[in-house]
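These notes concern the structure reproduced below.
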Amino acid sequence: MVEVDYLERKELLLASGQLTVPAVTLDNRETIVDSARIATRLEELYPEPTIFPSGWRGMHVVVADYIDNHLEESVYPVALADELAYYSKQGADRGALWRFIRERKFGRGFVDRTIADHKANWERFRSALAPFEEQLGGMPFLTGRIGLADFALYGQLYYLAFTGELKIPADMKNLRAFFGRGRSDHFDDR
């Protein structure tokens, strides 16, 4: 496993031909990008243990797609300021490059507008995550047993732990517990 620095993706580009993560290169040198494609291919090669709990494959595929392609729009904005601070602390050039990449994708002024909309971002976050908070109320994972949708949800929630401080609101206890089950280290639970 290689952690890819957001601003340094030369090796990823050489391996996969693109800058997108995640990417997996198999022993046969086959490189696959996109979470759903990776999951499907790994499931073909290594069907046990499965990431699709019995009777829940279709639901995991649909929910993981929703999380990766729609829920992210409500989660990412609340973490944007932390990401900017993280890269800026590494040097003005890294902060500027990070901002350039974000604004090249989303338009000039995107970073400042998003950070300034802090209150609305958190309202959207809470609204979007409320069904997941409720679903996790009586079970450890979305369908009771860990699967693909849980991995997708964990990936989105990781934005709220980017700095090492867990920023999932304290009153969202089920999401905090869910996130904790996926971590080998522990964050400040204040």
Side-chain angles (χ1 to χ4, degrees), residues 1-6 8-9 11-76 78-79 83 125-126 128-170 172-189:
M1 183 163 152
V2 176
E3 191 74 26
V4 177
D5 183 310
Y6 184 78
E8 303 289 334
R9 297 187 180 197
E11 288 182 44
L12 178 62
L13 183 60
L14 292 172
S16 69
Q18 57 187 337
L19 299 173
T20 306
V21 291
V24 171
T25 300
L26 304 173
D27 290 339
N28 67 2
R29 299 189 188 254
E30 175 187 6
T31 298
I32 310 159
V33 295
D34 179 69
S35 298
R37 285 190 214 125
I38 292 169
T40 300
R41 183 66 174 126
L42 291 176
E43 191 74 10
E44 290 170 0
L45 295 171
Y46 309 101
E48 293 297 326
T50 182
I51 58 170
F52 300 112
S54 181
W56 287 96
R57 180 185 174 88
M59 188 57 65
H60 272 269
V61 169
V62 167
V63 173
D65 180 69
Y66 171 79
I67 290 168
D68 286 340
N69 294 301
H70 301 285
L71 184 69
E72 179 183 28
E73 295 169 10
S74 298
V75 176
Y76 182 69
V78 301
E83 241 186 301
F125 170 87
R126 285 181 167 284
L129 271 288
F132 295 95
E133 173 70 13
E134 181 181 339
Q135 181 66 18
L136 291 166
M139 58 182 94
F141 301 105
L142 293 171
T143 61
R145 180 199 166 283
I146 196 167
L148 179 63
D150 299 289
F151 301 131
L153 180 58
Y154 180 86
Q156 293 304 317
L157 294 175
Y158 188 78
Y159 282 126
L160 299 174
F162 191 80
T163 63
E165 175 189 349
L166 183 57
K167 293 188 176 178
I168 298 171
M172 299 185 106
K173 295 178 186 328
N174 299 327
L175 284 168
R176 289 177 71 87
F178 168 84
F179 188 79
R181 283 188 281 283
R183 299 291 300 177
S184 59
D185 57 336
H186 298 281
F187 292 91
D188 181 3
D189 280 337

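The basis for the numbers below is simple: all heavy atoms, side chains too, and nothing from hydrogens, waters or symmetry mates.
- Remark: Asp65 engages Asn69 in a side-chain hydrogen bond (donor to acceptor under 3.5 Å, both in side chains) (not counting sequence neighbours).
- Within 6.0 Å of atom CG in Asp27, 12 or fewer heavy atoms from other residues, nucleotides or ligands are found, so the atom counts as exposed in its surroundings.
- Here the CG-CE distance, from Asn174 to Met139, works out to 10.5 Å after rounding to the nearest 0.5 Å.
- Inter-residue side-chain proximity for Met172 and Phe125 is flagged as met; some heavy-atom pair is nearer than 4.5 Å.
- Remark: Ser74 pairs with no residue by the side-chain hydrogen bond (donor to acceptor under 3.5 Å, both in side chains) rule, at least two apart or across chains.
- Applying the ring pair (Phe, Tyr, Trp, His ring centres under 6.0 Å) test to Phe178 and every residue at least two apart in sequence or in another chain returns nothing.
- Put simply, CZ on Arg37 and CD1 on Ile32 are 10.0 Å apart, with the number rounded to the nearest 0.5 Å.
- Across every non-hydrogen atom of Ile67 and Ala149, the tightest pair is CD1-O, 3.6 Å.
- Nearest heavy atoms, Arg126 versus Pro169: NH2-CB, 3.1 Å.
- Using cut-offs of 30° and 60° on the angle between ring planes, the pair Tyr158 and Tyr154 is tilted.
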(request) Test Phe132 against Val63 for side chain to side chain contact (heavy atoms under 4.5 Å, CB included), laying out the working first. (result) CA-CA 11 Å; Phe132 295 95; Val63 173; 4.2 Å; yes
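- Note that the CZ atom of Phe141 and the CZ atom of Phe151 stand 8.0 Å from one another [nearest 0.5 Å].
- The closest side-chain heavy-atom distance from Leu153 to Leu129 is below 4.5 Å.
- Sorted by first then second residue, the salt bridge (Lys or Arg N to Asp or Glu O under 4.0 Å) pairs that include residues 128-152, not counting sequence neighbours, number zero.
- The line from CG of Asp68 to CD of Glu72 is 7.5 Å long, rounded to the nearest 0.5 Å.
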N/O donor-acceptor pairs under 3.5 Å from side chains in residues 39-55, not counting sequence neighbours:
{"residue": "Thr40", "atom": "OG1", "partner": "Ala36", "partner atom": "O", "Å": "2.9"}
{"residue": "Arg41", "atom": "NE", "partner": "Glu30", "partner atom": "OE1", "Å": "3.2"}
{"residue": "Arg41", "atom": "NE", "partner": "Glu30", "partner atom": "OE2", "Å": "3.2"}
{"residue": "Arg41", "atom": "NH1", "partner": "Glu44", "partner atom": "OE1", "Å": "3.1"}
{"residue": "Arg41", "atom": "NH2", "partner": "Glu30", "partner atom": "OE1", "Å": "3.2"}
{"residue": "Glu43", "atom": "OE1", "partner": "Ile51", "partner atom": "N", "Å": "3.2"}
{"residue": "Glu43", "atom": "OE2", "partner": "Thr50", "partner atom": "OG1", "Å": "2.3"}
{"residue": "Thr50", "atom": "OG1", "partner": "Phe52", "partner atom": "N", "Å": "3.0"}
{"residue": "Thr50", "atom": "OG1", "partner": "Phe52", "partner atom": "O", "Å": "3.4"}

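- Note: Tyr159 and Tyr76 have perpendicular aromatic rings, judged against thresholds of 30 and 60 degrees for the angle between ring planes.
- The CD1 atom of Ile146 lies 9.0 Å from the NE2 atom of His60; values are rounded to the nearest 0.5 Å.
- Scored by the side-chain contact (heavy atoms from CB on, under 4.5 Å) test, Pro22 finds Ser35, Ile38 as partners (sequence neighbours excluded).
- Rounding to the nearest 0.5 Å gives a distance of 8.0 Å between CG of Leu160 and CZ of Phe179.
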